[in-house]
Each structure stands twice: as C-alpha cells, then as structure tokens.
Novice: 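Dropping the structure in here first, questions after.
Throughout, a chain's letter reflects where its sequence line sits, starting with A, and its residues are numbered from 1.
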There are 2 protein chains.
Amino acid sequence: MADQVEDLTGSCAKPQRRSIGAKRNPATEEAILGAAQEILRDKGVKGLSMEAVAKRARAGKATLYKWWPSRGALLVAVYERAKGEHVHEDKGTLIATMAAFYRYVFDFWRTAEGQVFALIIAEAQSDADVAEALERYRKERLVALAEVVDRSQARGELIEGAQAEALAETIMAAAWMRLITGRLDSDPERLAHEVLDGWMVGNR
Amino acid sequence: MADQVEDLTGSCAKPQRRSIGAKRNPATEEAILGAAQEILRDKGVKGLSMEAVAKRARAGKATLYKWWPSRGALLVAVYERAKGEHVHEDKGTLIATMAAFYRYVFDFWRTAEGQVFALIIAEAQSDADVAEALERYRKERLVALAEVVDRSQARGELIEGAQAEALAETIMAAAWMRLITGRLDSDPERLAHEVLDGWMVGNR
DNA sequence: GCTTATATGAACGATGCGTTCAGATGTGTA
DNA sequence: TACACATCTGAACGCATCGTTCATATAAGC
C-alpha cells in the first residue's frame with residue numbers, strides 16, 4: 001500500500017496524498033494553491049470557495065483551515081502566488097513609466113487570478129485580518145512606487161512641491177479606483193497624464 | 001381585529017401592520033428601512049442581514065425581496081436614505097473646498113450608516129446590479145465635483161492643462177482609497193494639498 | 001518504540017440567501 | 001354588491017458556504 005504517487009491530475013481513483021509524518025507536506029500546499037488557481041480559470045472567481053478548493057485538491061477542509069485560517073487568508077495566498085512582482089521598468093519619463101505600470105496592472109487584474117485582488121478588497125471591508133494583509137501589501141507597493149517617483153524627482157521632472165510618497169499614493173488610488181468600479185479598460189497612457197501632468201515641470 | 005395601530009416600537013404583542021389593499025403600504029417601506037438603520041446603529045454593519053431586517057421590521061422576507069430584489073439593492077437603498085446630499089460649499093479656494101469635502105465624507109463614512117458605503121463597494125465586486133448602482137452613483141457625484149473644479153478653473157486657480165472631470169476623479173479616488181484601506185482618520189486638509197497642489201497656479 | 005504532528009474524509013452546526021406557500025387584508029372595478 | 005387583484009405576514013424550504021470536530025491513518029524524530 002501507500003503508493004506515494006503524485007497524482008495531481010486525478011486519473012487514479014483512490015488515495016494519493018497522505019501525511020508524510022510529523023511535518024508539513026509541501027505537496028499539499030502546492031495542491032491546494034494549484035487547485036485554487038485551476039478553479040479560478042475554470043469557474044471564475046465565483047466558484048472559489050473553501051469547499052471547492054478542498055475537493056479539487058483532494059484535501060481535507062481541516063487541512064485548509066489549519067494553514068489558512070480563513071477564506072480571506074487563502075485569497076491573499078492565492079493572489080501573492082499569482083502576481084508577478086512588477087518591477088517598474090524605467091521608460092525615461094515618469095508619465096511613460098506609470099503608463100506602463102497602469103497597463104500592466106490593468107491587464108493582470110483582468111486575468112482570472114488577478115480578479116482575486118478585487119475580492120480581497122471586498123473581503124477586507126468585513127474581515128480585519130484581510131484588511132491588515134491588504135494594508136501591508138499597499139504599503140509595500142507604495143514604497144516601490146515612491147522610489148520611481150523619487151528617481152523622477154532627482155531627474156528634475158517634478159515641480160518643487162511634489163512629495164514622492166503622496167504622489168505615489170495618488171497614482172495608486174487612481175488605479176484601485178478603476179479596479180473597484182470595473183473600468184479596467186481605461187487608457188493607461190491617458191490616465192497617467194490625467195494624474196501626473198499637473199506635477200510635471202514645464203506645464204507652466 | 002384589525003387594530004391599525006402604528007406600533008413600530010413593539011410594545012404590543014401580536015399584529016401591527018397588514019395589507020392596506022391592492023397597493024403598496026408606505027409604512028412597510030418605512031419600517032424596513034428604519035429597521036435597517038436601527039440594526040446598523042445597534043449591531044453594526046455585520047448584523048445587517050435580510051433576515052434580521054425582516055424580523056426587526058416585523059415584515060415578511062417575501063416583502064423585502066419584492067421591493068429590494070437582493071441584499072445589495074437593500075444596501076443601496078439604506079445608503080441613499082442615510083446620506084445627506086453633500087453640497088460643496090465654496091470655501092474660497094479649491095483646496096479649502098475639497099478639504100471640507102474630505103472632512104465631510106470621512107466623518108460620514110465613519111458613522112454606522114456611512115459604513116454601508118464600504119459594504120456596497122465590496123458587494124459590487126461580485127454583484128453586477130450593485131456594481132451598476134455604484135457606477136451610477138459615482139458618475140452623479142463626479143458631476144457635482146467637476147462643477148466645483150470648473151468654478152475654480154474659471155476663477156483662474158488652476159493651471160492651463162487641468163481638466164475638470166479628470167481632476168475630479170483623482171480627488172474622488174483619493175477619498176475612496178482611504179475608505180477601502182481603513183484610513184478615514186487621514187487629515188483632510190493635508191490630503192487636499194497632496195492631491196491638488198500640483199494643479200494650482202502659483203506652484204511654479 | 002513512543003511521541004508528535006500531519007493528512008484525509010466525513011459529519012455537524014450555524015448562518016444567510018433567495019424562494020415558495022397559505023391565509024388574511026382591503027382597494028378598485030364590474 | 002360581488003369579485004378580481006395586489007399586497008402583507010409568517011413560516012417553511014432548499015441550497016450554499018463557512019468554520020469546527022472527530023476518527024483514522026501516516027511517518028518523522030527522539
């Protein structure tokens with residue numbers, strides 16, 4: 001017995017993943033997060049329930065709740081696994097760099113996995129743990145954005161009074177606004193101008 | 001029988017509101033929305049379920065679903081009933097006017113009724129009807145905001161390239177961002193500066 | 001070998017959504 | 001006057017989901 005086959009595709013009938021002793025089985029985490037991703041692609045964001053994930057991963061719900069104590073926690077994990085850490089490639093001007101950024105996130109948020117982010121924001125409104133995770137994430141991304149703005153400022157692109165972090169938050173808010181109001185088809189370039197033009201040297 | 005008493009406080013035991021014939025009973029709508037508001041104040045946003053509202057209003061769930069076909073619809077109704085239409089009082093400068101606006105909405109969003117708005121945003125992420133209602137509301141408020149910006153522009157406060165509607169959306173996004181990330185304690189004045197300074201004439 | 005932590009699968013309770021039904025009410029019209 | 005009609009309550013139902021608990025099996029590590 002105990003055929004330790006890695007049957008994640010499900011062609012075998014009965015048992016496939018068991019305890020590997022008194023330590024966490026990495027295959028389990030992988031199977032669960034993978035199952036979540038598959039569900040997202042197959043059934044979309046609506047089908048992503050704890051039960052569905054457990055069933056698809058052939059995992060016990062007890063296992064899910066052991067490692068991700070709430071639905072929100074799982075959502076966050078799924079999102080963090082799916083999102084590639086966007087590096088803000090310098091396009092020469094801040095406007096161009098931010099336009100590229102907007103294009104990137106809008107495209108990602110439209111994917112099956114990316115839609116999870118909207119769910120996380122929704123869940124954060126009623127789940128303190130998710131709210132905390134979201135806030136951590138926001139701060140982390142804010143730092144990355146502020147660095148880009150900082151570099152632009154060092155190049156002399158920005159007017160005197162510009163504060164990198166405040167401007168970064170304005171940039172981010174514009175993106176999140178488009179997400180939660182379902183307008184991810186907004187033109188990234190135009191949006192970058194609408195948000196930033198006032199702060200650029202040369203516009204009077 | 002048929003004592004048509006308006007016993008909304010619940011001191012009487014048995015029956016209190018019945019059909020008034022083949023037309024909608026306005027007392028029912030009032031009782032339901034009122035009950036929702038009471039629940040918000042008593043139990044907070046978590047306790048606001050259709051069942052709880054029905055029970056508290058002594059209404060049948062069938063009646064609720066007749067007039068508000070989903071939970072989201074009821075949320076929207078509750079919100080629209082609670083929010084006073086904010087008129088943007090002109091404080092002389094756009095910064096001051098927007099600071100006052102931020103102060104107003106942040107204060108309101110922190111009230112029991114105001115918290116419903118965050119719920120609506122959350123619900124909109126998975127309920128198309130709510131999303132549509134939210135989008136209507138956003139556009140309506142956008143127009144009001146853009147008018148204020150327009151007046152400011154007419155006074156010559158803004159730089160050449162400023163577009164009233166785009167700027168209005170940036171202003172709004174900054175506020176919504178603070179709401180969904182639980183930072184309604186942000187300083188309204190400071191925020192107004194962070195969003196607008198770049199667009200004001202005189203900042204180089 | 002014994003302890004310990006993990007994994008599954010199934011059951012359970014609680015909650016909430018949205019639907020359906022029966023029975024009572026009163027308006028408006030034929 | 002009589003009847004059709006739309007409304008209201010209250011209760012029940014089906015369904016999905018959350019999160020918990022239990023019994024049982026597994027194997028690492030001391």
Novice: Go through the structure and list residues passing side-chain contact (heavy atoms from CB on, under 4.5 Å) with B/Asp150, not counting sequence neighbours.
Specialist: B/Gln153, B/Ala164
Novice: With the threshold set at under 4.0 Å for non-hydrogen atoms, list the residues of residues 69-79 of chain A touching DNA chain D in residue-number order.
Specialist: A/Ser70, A/Arg71
Novice: For residues 96-108 of chain A, which residue pairs pass the salt bridge (Lys or Arg N to Asp or Glu O under 4.0 Å) check, not counting sequence neighbours?
Specialist: A/Asp107-A/Arg110
Novice: Mind jotting down which residue pairs meet the ring-ring contact (aromatic ring centres under 6.0 Å, His included) criterion with at least one end in residues 115-134 of chain A? Sequence neighbours excluded, please.
Specialist: A/Tyr79-A/Phe117, A/Trp109-A/Phe117, A/Phe117-A/Tyr137, A/Phe117-A/Trp176
Novice: Tell me, please, which residues at least two apart from B/Lys91 pass salt bridge (charged side-chain N to carboxylate O under 4.0 Å, His left out).
Specialist: B/Glu89
Novice: For nucleotides 6-9 of chain D, tabulate all protein N/O to nucleotide N/O atom pairs closer than 3.5 Å, reporting atom names and distance.
Specialist:
{"from": "D/dT7", "atom 1": "OP2", "to": "B/Lys66", "atom 2": "NZ", "distance (Å)": "3.2"}
{"from": "D/dT7", "atom 1": "O2", "to": "B/Ser19", "atom 2": "OG", "distance (Å)": "2.8"}
{"from": "D/dC8", "atom 1": "OP1", "to": "B/Asn25", "atom 2": "N", "distance (Å)": "3.1"}
{"from": "D/dC8", "atom 1": "OP2", "to": "B/Trp67", "atom 2": "NE1", "distance (Å)": "3.0"}
{"from": "D/dT9", "atom 1": "OP1", "to": "B/Arg17", "atom 2": "NE", "distance (Å)": "3.0"}
{"from": "D/dT9", "atom 1": "OP1", "to": "B/Arg17", "atom 2": "NH2", "distance (Å)": "2.5"}
{"from": "D/dT9", "atom 1": "OP1", "to": "B/Arg58", "atom 2": "O", "distance (Å)": "3.2"}
{"from": "D/dT9", "atom 1": "OP2", "to": "B/Thr63", "atom 2": "OG1", "distance (Å)": "3.2"}

Novice: Please collect all ring-ring contact (aromatic ring centres under 6.0 Å, His included) contacts where either partner lies in residues 56-75 of chain A, sequence neighbours excluded, each pair once.
Specialist: none
Novice: Once salt bridge (charged side-chain N to carboxylate O under 4.0 Å, His left out) is applied, do any residues pair with A/Glu147, and if so which ones, sequence neighbours excluded?
Specialist: none
Novice: Round to the nearest Å and state the distance from B/Leu64 atom CG to C/dT19 atom C1'.
Specialist: 13 Å
Novice: By side-chain contact (heavy atoms from CB on, under 4.5 Å), which residues pair with B/Ala144, not counting sequence neighbours?
Specialist: B/His88, B/Arg141
Novice: Between B/Glu113 and B/Lys83, is a salt bridge (Lys or Arg N to Asp or Glu O under 4.0 Å) present by the stated rule, with each step listed?
Specialist: CA-CA 8 Å; B/Glu113 295 95 335; B/Lys83 85 176 161 71; over 6 Å; no
Novice: Among residues 42-55 of chain B, which residues get a heavy atom nearer than 4.0 Å to DNA chain C?
Specialist: B/Ser49, B/Met50, B/Glu51
Novice: Under the side-chain contact (heavy atoms from CB on, under 4.5 Å) rule, collect the residues that match up with A/Ala166, sequence neighbours excluded.
Specialist: A/Gln163, B/Glu194
Novice: My understanding is that only residues two or more places apart in sequence, or in another chain, count here; which of them pass salt bridge (charged side-chain N to carboxylate O under 4.0 Å, His left out) with B/Arg155?
Specialist: B/Asp90, B/Glu157
